Participant: 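Following this message is one structure expressed as structure tokens.
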2 protein chains.
Amino acid sequence: MNIGEAAKASGLPAKTIRYYEEIGLIRPPRDANGYRAFREADTHKLTFLGRARSLGFSIEECRRLLSLYEDRSRASADVKRVAAEHMRQIEQKIAELEQMRDTLGDLMSRCQGDHRPDCPILDNLAGSKG
Amino acid sequence: MNIGEAAKASGLPAKTIRYYEEIGLIRPPRDANGYRAFREADTHKLTFLGRARSLGFSIEECRRLLSLYEDRSRASADVKRVAAEHMRQIEQKIAELEQMRDTLGDLMSRCQGDHRPDCPILDNLAGSKG
DNA sequence: CTTGACCTTCCCATTACGGGAAGCTTTAGA
DNA sequence: TCTAAAGCTTCCCGTAATGGGAAGGTCAAG
């Protein structure tokens with residue numbers, strides 16, 4: 001299976017697959033012509049990586065999850081720990097964004113949004129007390 | 001006022017201030033010795049930029065906001081438009097993160113987190129139907 | 001006069017890829 | 001069979017917004 005097919009099978013762009021090989025997430029063998037020869041196990045790993053990435057796990061977290069995935073003597077507690085740490089990061093990011101949303105929403109609601117220059121948004125950014 | 005003082009006054013690292021000069025957000029003059037000489041207007045701009053960045057505006061959005069800030073004939077509608085576009089991005093990002101949080105939370109709640117290898121988190125990433 | 005705190009520029013590293021060039025290989029069609 | 005298109009390869013550059021750190025000039029204090 002060439003990279004194009006592996007891309008279709010996994011839903012990942014070929015570029016991304018090459019990158020994952022470069023950083024050692026997968027190690028597909030090569031055919032005599034130099035083309036990567038993807039096995040089922042490789043496309044499974046790629047699909048796994050795609051899903052983990054879509055849940056927001058970083059590449060290094062994916063690497064850890066992948067090694068647990070391949071370790072039959074893993075403890076699910078180890079997987080859950082990785083997930084819990086990621087969950088903390090997600091929740092923190094959400095909290096930050098909600099803070100931004102609330103502040104910005106407040107400023108926007110106070111801005112007339114007309115032809116005049118007066119603007120509470122700019123006033124706030126400039127450091128006014130209002 | 002040297003960069004160290006400007007950093008304290010604005011709350012931005014000196015490195016960041018140099019970067020903002022490099023990309024043309026500020027243009028402090030230089031002293032005879034080559035040191036940047038920050039004026040009040042420069043530190044005000046820096047403070048403005050710091051606040052805008054903390055609300056999540058990109059550098060390019062900051063550039064636009066700064067030009068509106070300096071344009072006394074601006075229309076507040078223009079400012080509000082920039083803010084509204086940014087608000088959309090924030091809300092979209094929040095929605096994505098909440099989706100991740102919910103999915104991950106569900107998987108975590110179903111993971112025993114013990115010494116055994118069975119793990120719904122990995123099962124899901126691997127593409128199981130469960 | 002020296003030491004240490006500033007300042008300068010310059011270059012590399014980060015994250016996770018995407019774009020695109022130059023050049024093979026394979027495949028499909030006339 | 002020849003050719004053109006499609007697919008593959010590696011390689012290098014660019015992204016956003018800084019942070020780290022080196023090499024070296026400047027300044028203030030003792």
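Note that this is a predicted model, so its numbers are computed, not measured. Residue numbers start from 1 in every chain, and the chains themselves are labelled A, B, ... in the order their sequence lines are given, proteins ahead of strands.
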Participant: Looking at A/Asn33, does any N or O in its side chain come under 4.0 Å of the phosphate oxygens OP1/OP2 on C/dT26?
Facilitator: yes
Participant: When you measure from the side chain of A/Lys15, which nucleotide among C/dG18, D/dT18, C/dC7 comes out closest?
Facilitator: C/dG18
Participant: Taking atom P of D/dT18 as reference, at what distance in whole Å does atom CD1 of B/Ile23 sit?
Facilitator: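 Atom-to-atom, B/Ile23 to D/dT18, this comes out as 8 Å.
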Participant: According to a strict under-4.0 Å criterion, is B/Thr16 in side-chain N/O contact with OP1 or OP2 of D/dA17?
Facilitator: no
Participant: Taking CD from B/Glu21 and C1' from C/dC10, how many angstroms apart are they, rounded to a whole number?
Facilitator: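 In whole Å, C/dC10 C1' and B/Glu21 CD are 15 Å from each other.
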Participant: A/Arg18 and A/Glu21: salt bridge (Lys or Arg N to Asp or Glu O under 4.0 Å), yes or no, with the steps?
Facilitator: CA-CA 5 Å; A/Arg18 293 196 190 95; A/Glu21 185 197 35; over 6 Å; no
Participant: To the nearest angstrom, how far is B/Glu5 atom CD from D/dA28 atom C1'?
Facilitator: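 That distance rounds to 13 Å.
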Participant: Going from CZ on B/Arg53 to OH on B/Tyr20, what distance comes out if it is rounded to the nearest 0.5 angstrom?
Facilitator: 5.0 Å
Participant: Measure from CG on B/Leu49 to C1' on D/dA16 and round the result to the nearest Å.
Facilitator: 15 Å
Participant: Could you state the interatomic distance from CZ (A/Arg64) to CG (A/Asp78), rounded to the nearest 0.5 Å?
Facilitator: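 Between atom CZ of A/Arg64 and atom CG of A/Asp78 there are 5.5 Å.
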Participant: Could you state the atom-to-atom distance from NZ of A/Lys8 to C1' of D/dC8 in whole Å?
Facilitator: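 Nearest whole value for this atom pair: 15 Å.
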Participant: From A/Asp42 CG over to A/Met1 CE, what is the distance, rounded to the nearest 0.5 angstrom?
Facilitator: 9.0 Å
Participant: Could you tell me the separation between the CG atom of A/Asp31 and the C1' atom of D/dC8, rounded to a whole number of Å?
Facilitator: 11 Å
Participant: Within the structure, does a side-chain N or O atom of A/Arg30 lie under 4.0 Å from either OP1 or OP2 of C/dT25?
Facilitator: no
Participant: Does atom CZ of A/Arg27 have more than 12 heavy-atom neighbours from other groups under 6.0 Å away?
Facilitator: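 At most 12 heavy atoms, drawn from other residues, nucleotides or ligands, come within 6.0 Å of this atom.
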Participant: Rounded to whole Å, how long is the line connecting atom CD of A/Glu22 with atom C1' of D/dC13?
Facilitator: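 Rounded to whole Å, this separation is 14 Å.
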Participant: With a 3.5 Å cut-off and heavy atoms only, can you find an N or O donor on one side and an acceptor on the other between the side chain of B/Tyr35 and the base of D/dG25?
Facilitator: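 Donor-acceptor pair under 3.5 Å: yes.
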Participant: Does A/Arg18 have a side-chain nitrogen or oxygen under 4.0 Å from the phosphate oxygens OP1 or OP2 of D/dG7?
Facilitator: no
Participant: Return no unless some side-chain N or O of B/Arg36 is found under 4.0 Å from OP1 or OP2 of C/dT8.
Facilitator: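 For B/Arg36, the contact criterion (side-chain N or O under 4.0 Å from OP1 or OP2 of C/dT8) is met.
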Participant: What residues from residues 50-65 of chain A pass a heavy-atom cutoff of under 4.0 Å to DNA chain C?
Facilitator: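 Going residue by residue through residues 50-65 of chain A, the ones with a heavy atom under 4.0 Å of DNA chain C turn out to be A/Arg53, A/Ser58, A/Ile59.
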Participant: From CG of A/Asn2 over to P of C/dT26, roughly how many Å is that when rounded to an integer?
Facilitator: 10 Å
Participant: Counting distance only, does the side-chain N/O of A/Thr103 pair as donor-acceptor with the main-chain N or O of A/Met100 below 3.5 Å?
Facilitator: no
Participant: Tell me whether the side-chain N/O atoms of B/Tyr19 come closer than 4.0 Å to OP1 or OP2 in D/dA16.
Facilitator: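 Negative; the distance criterion is not met.
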Participant: Quick one: side chain to side chain contact (heavy atoms under 4.5 Å, CB included) partners of A/Asp114, sequence neighbours excluded?
Facilitator: A/Gln112, A/Arg116, B/Ser76
